[in-house]
Amino acid sequence: MHCLTLLRPAPPLLAIPSLRLLSRFSSNTSKALLLHFSNLLKRFPQENPYPSNPSPGSRPLWPHPYEYNDLMSAFASAGDSTNVLRLFDEMKRFNCRPDAACYTTVANSLLSSNQPEAAIAVFKEMVSSGVLPDTMAYTVLVKLYACYLRQFELAYEVVHGMRDCGCKPDVVTYSTLITGLCQVGRVSEAFGVLDVMLNEGCVPNAHTYTPILHAYCTAGQIEEAERLVSTMEAVNCVPNVVTYNILIGALSKAGRFNEVENILANCQLKGWEPDVITYSTYMDGLCKAGKVDRSFMLLEEMVSHGLYPNKVTINILLDGLCKRSNSLCAQSILERSSEFGWRPGVVNYNTVMSRLCEVGKYFSVLKLFTDMFKKGLEPDSWTFSIVVQGLCKAGKIRKAKCLFDSNGFLANVVAYNTLIRYLYFLGEVEEVYHLLDQMTKENVVPNHTTYGIMIELLCSEGRFEAAINCFSISLDNGWSPNLVVNLVWGLVAGEKIYKLVKILEWIVKQGFFIDTCIYCSLIKAFCWRGSCQNTEIYTLCYILDLFLKIR
DNA sequence: CTAGGGTTAG
């Protein structure tokens, strides 16, 4: 990295012919790519050889947008949007005007790294530079609205509007829209889109149906999913390995391992081949169901098919080992990894450390934490959260706070929540408020867990209006029945029954889903308070009837 | 250059 930033002015990376070749190795990590670059750049003139006004007709010395796009795509598929942006800036600096494809690549890579706002900026720039979007550009715009911002009205508008710009939505555009709808469970609407594309003579493929299957599987509607697979076969939209992986995942989760075996046994007949993800998915299901031995047998099977476990597969097995109370084994696999020439990843450490935490082996957690440093592995925010949790559980809350405040600690919302929860248990209200302040300052966005603790805290301090206010703010993050449970307990304990009735009436009016947890918490809270003996029982009955839509 | 799948924390 440093070699590149130190060279000023930096020559365009793409002026070196062999880089075009390099960019084909999209599976290469960005670091590997950068290493190649910095080596090549050492032989490159440090002066800027690129005149801003080339003589007409001469072959330009600087690279063509195609070449930049090739390289940007390589970084994009390596998940490195920072370098995509760097190249994008660079090409503009060298007066190499981005074409529609370049803008599309950059916007898409920003989406992949979850920066929808930045992607919008790229689209705006595209328009203001007078570059006309093509179908692919519009497709990424649909992806932005449907899969990231969930603004489906705008997504539909793009699909309709692109016709006027001389572009036709294609199977990718429609499949993208269907994906977005299915991700939020709007399956019937997705079928509506499918109808539209069929009417237009746009032929669906596996990408069109698979998101729908995914939605069914997420909702636990396995029978519907299986029926959809038959439909796909009937309309000549053959399910592929991804389709089957989703189905196998759902079946494994439901413990229906015989059916998984059946699907695997018939794969050749159906014309698809299991891959690493197929095996990993199945193995994870087996491990979670306690069938760790069977999972290890599958490891042998996949290797015999020429498929090799990757970090995820190994993580699943490590997790399985811990679940079978073999955390000591998992721990030594990590500690002694160099003996068998394996380099574990951060997630591998996180997995074993969190399992050790669960069984109270806090010393081992710290031991692995230091082992990571010895191996030169950088802990991530998950690691830190797990260690904070381990220290808190071990009763070393001061130590946890010290670690939290130390340099280099990557605090995310979970680390904050953990520390806040334990400090709250200890009655250190001052510190809790201080941490909540700090969270805002550090731009760590609170989530439902945070709001739950805040509601509890505010109620215990008698600040009921603030607690209710906190609840309404939490709705920006979506609906969480658990927060209502917190509010119920807090308000009943604080004898604010009138406030409780008001807020519950409002909740019912908004049409939020009332689950059994909320229902039970009300009954339990009233019983706990002893209200069942007096006239307040009528208030309780009133609310319960309200929930059941009797009133 | 554009679409879908598997692992870890409160």
Side-chain angles (χ1 to χ4, degrees), chain A residues 65-66 68-70 72-73 76-77 98-109 111 134-143 146-147 169-180 182-183 205-214 217 239-250 252 275-285 287-288 310-320 322 345-355 357-358 380-390 392-393 412-422 447-450 452-453:
Chain A
Y66 293 168
Y68 268 108
N69 196 28
D70 268 0
M72 289 195 298
S73 310
S77 50
D99 58 8
C102 292
Y103 284 107
T104 307
T105 305
V106 176
N108 193 45
S109 103
L111 284 185
D134 56 8
T135 299
M136 292 172 199
Y138 281 116
T139 299
V140 174
L141 194 57
V142 169
K143 181 175 164 183
C147 303
D170 62 8
V171 58
V172 183
T173 319
Y174 284 119
S175 303
T176 305
L177 182 54
I178 288 175
T179 302
C182 288
Q183 281 169 352
N205 60 22
H207 281 275
T208 320
Y209 285 96
T210 305
I212 303 178
L213 183 101
H214 199 353
C217 288
N240 59 23
V241 57
V242 177
T243 321
Y244 282 109
N245 285 349
I246 295 169
L247 189 60
I248 287 173
S252 300
D275 62 7
V276 188
I277 298 185
T278 318
Y279 278 98
S280 303
T281 308
Y282 183 23
M283 285 158 80
D284 187 45
C287 282
K288 296 237 154 75
N310 58 22
K311 283 207 164 79
V312 177
T313 324
I314 292 180
N315 203 51
I316 288 163
L317 291 168
L318 284 173
D319 196 33
C322 295
V346 190
V347 179
N348 299 137
Y349 272 86
N350 291 350
T351 303
V352 178
M353 283 162 75
S354 78
R355 295 291 168 245
C357 233
E358 271 174 20
D380 63 8
S381 55
W382 287 55
T383 322
F384 285 119
S385 300
I386 294 162
V387 176
V388 162
Q389 196 208 140
C392 285
K393 276 187 164 174
N412 63 12
V413 64
V414 179
Y416 269 104
N417 289 344
T418 310
L419 206 51
I420 287 173
R421 163 125 285 157
Y422 279 93
N447 62 15
H448 282 153
T449 309
T450 326
I453 305 169

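Naming: A, B, ... by sequence-line order, numbering from 1 per chain.
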| field | Qualifying residues under side-chain hydrogen bond (donor to acceptor under 3.5 Å, both in side chains), relative to Asp284(A), sequence neighbours excluded | value | Lys288(A)
| request: Measure the distance from OH on Tyr416(A) to C1' on dA9(B) and round it to the nearest whole Å. | output: 17 Å
| Touch check for Thr449(A), heavy atoms < 4.0 angstrom, all strands: base, sugar-phosphate only, or nothing? | base
| In terms of side-chain heavy atoms of Thr176(A), which of dC1(B), dA9(B), dA3(B) is nearest? | dA3(B)
| task | Please lay out, stage by stage, how Tyr66(A) and Asp99(A) fare under the test side chain to side chain contact (heavy atoms under 4.5 Å, CB included). | result | CA-CA 8 Å; Tyr66(A) 293 168; Asp99(A) 58 8; 3.8 Å; yes
| field | Separation of Thr179(A) OG1 from His207(A) NE2 (nearest 0.5 Å) | value | 9.0 Å
| task | Starting from P on dC1(B), measure out to OH on Tyr103(A) and report it in whole angstrom. | result | 19 Å
| task | Please report, rounded to the nearest Å, how far the C1' atom of dC1(B) is from the CG atom of Asp170(A). | result | 12 Å
| When the distance from OH of Tyr138(A) to P of dT2(B) is rounded to whole Å, what number comes out? | 18 Å
| note | Between the OG1 atom in Thr139(A) and the CG atom in Asn108(A), the distance rounded to the nearest 0.5 Å is 10.0 Å
| What pairs with Thr278(A) under side-chain hydrogen bond (donor to acceptor under 3.5 Å, both in side chains), at least two apart in sequence or on another chain? | Asn245(A), Asp275(A)
| request: Could you check how far CG of Asn447(A) sits from C1' of dA9(B), rounded to whole Å? | output: 12 Å
| query | Donor-acceptor pair under 3.5 Å: do we get one between Asn315(A)'s side chain and the base of dG6(B)? | reply | no
| Below 4.0 angstrom from OP1 or OP2 of dA3(B), is there any side-chain N or O of Asn108(A)? | yes
| remark: Against the side chain of Asn350(A), the closest entry in dT8(B), dT7(B), dT2(B) is dT8(B)
| field | Short side-chain N/O contact to dA3(B) OP1/OP2 from Lys143(A), under 4.0 Å | value | yes
| task | Indicate, with a heavy-atom threshold strictly under 4.0 Å, whether Asn310(A) touches base, sugar-phosphate, or nothing. | result | base
| field | Sugar-phosphate, base or nothing in reach of Val142(A), heavy atoms under 4.0 Å | value | nothing
| request: Check every strand shown and say whether Asp99(A) touches a base, only sugar-phosphate, or nothing at a heavy-atom separation below 4.0 Å. | output: nothing
| task | Determine: side-chain N/O of Gln389(A) to OP1/OP2 of dA9(B), distance under 4.0 Å, yes or no. | result | no
| message | Side chain of Val140(A), heavy atoms from C-beta onward: which of dG4(B), dA9(B), dT2(B) has the nearest atom to it? | response | dT2(B)
| request: Round to a whole Å and report the spacing from CG of Asp380(A) to P of dT7(B). | output: 17 Å
| field | Sugar-phosphate, base or nothing in reach of Thr383(A), heavy atoms under 4.0 Å | value | nothing
| Nearest to the side chain of Thr105(A) - dG10(B), dG6(B), dC1(B)? | dC1(B)
| query | When only distance counts, do a donor and an acceptor, one from the side chain of Ser280(A) and one from the base of dG6(B), lie under 3.5 Å apart? | reply | yes
| For the side chain of Ile386(A), counting heavy atoms from C-beta on, which of dC1(B), dA9(B), dT2(B) is nearest? | dA9(B)
| task | Whole angstrom is fine here: how far is it from NZ in Lys311(A) over to P in dT8(B)? | result | 17 Å
| task | With heavy atoms under 4.0 Å as the rule, sort Ala137(A) into base, sugar-phosphate or nothing. | result | nothing
| task | To the nearest 0.5 angstrom, please state how far the CG atom of Leu247(A) sits from the OG1 atom of Thr210(A). | result | 10.5 Å
| Hey, does Thr281(A) reach any base, or is it just sugar-phosphate, or nothing, if we go heavy atoms under 4.0 Å? | sugar-phosphate
| request: Just compare dT7(B), dA3(B), dC1(B) and give me whichever is closest to any side-chain atom of Val312(A). | output: dT7(B)
| task | Could you check whether Ser385(A) gets within reach of a base, just the sugar-phosphate, or nothing at all, counting any heavy atom under 4.0 Å? | result | base
| query | What is the distance from atom CD1 of Ile248(A) to atom OG1 of Thr243(A), rounded to the nearest 0.5 Å? | reply | 10.5 Å
| request: Indicate whether His207(A) forms a stack on dG4(B); treat it as stacked only if centroid distance is below 5.5 angstrom and interplanar angle below 30 degrees. | output: no
| Using a cut-off of 4.0 Å on non-hydrogen atoms, how would the nucleic acid contact of Thr313(A) be classed: base, sugar-phosphate, or nothing? | base
| message | Could you tell me how far apart Lys393(A) (NZ) and dA9(B) (P) are, to the nearest whole angstrom? | response | 11 Å
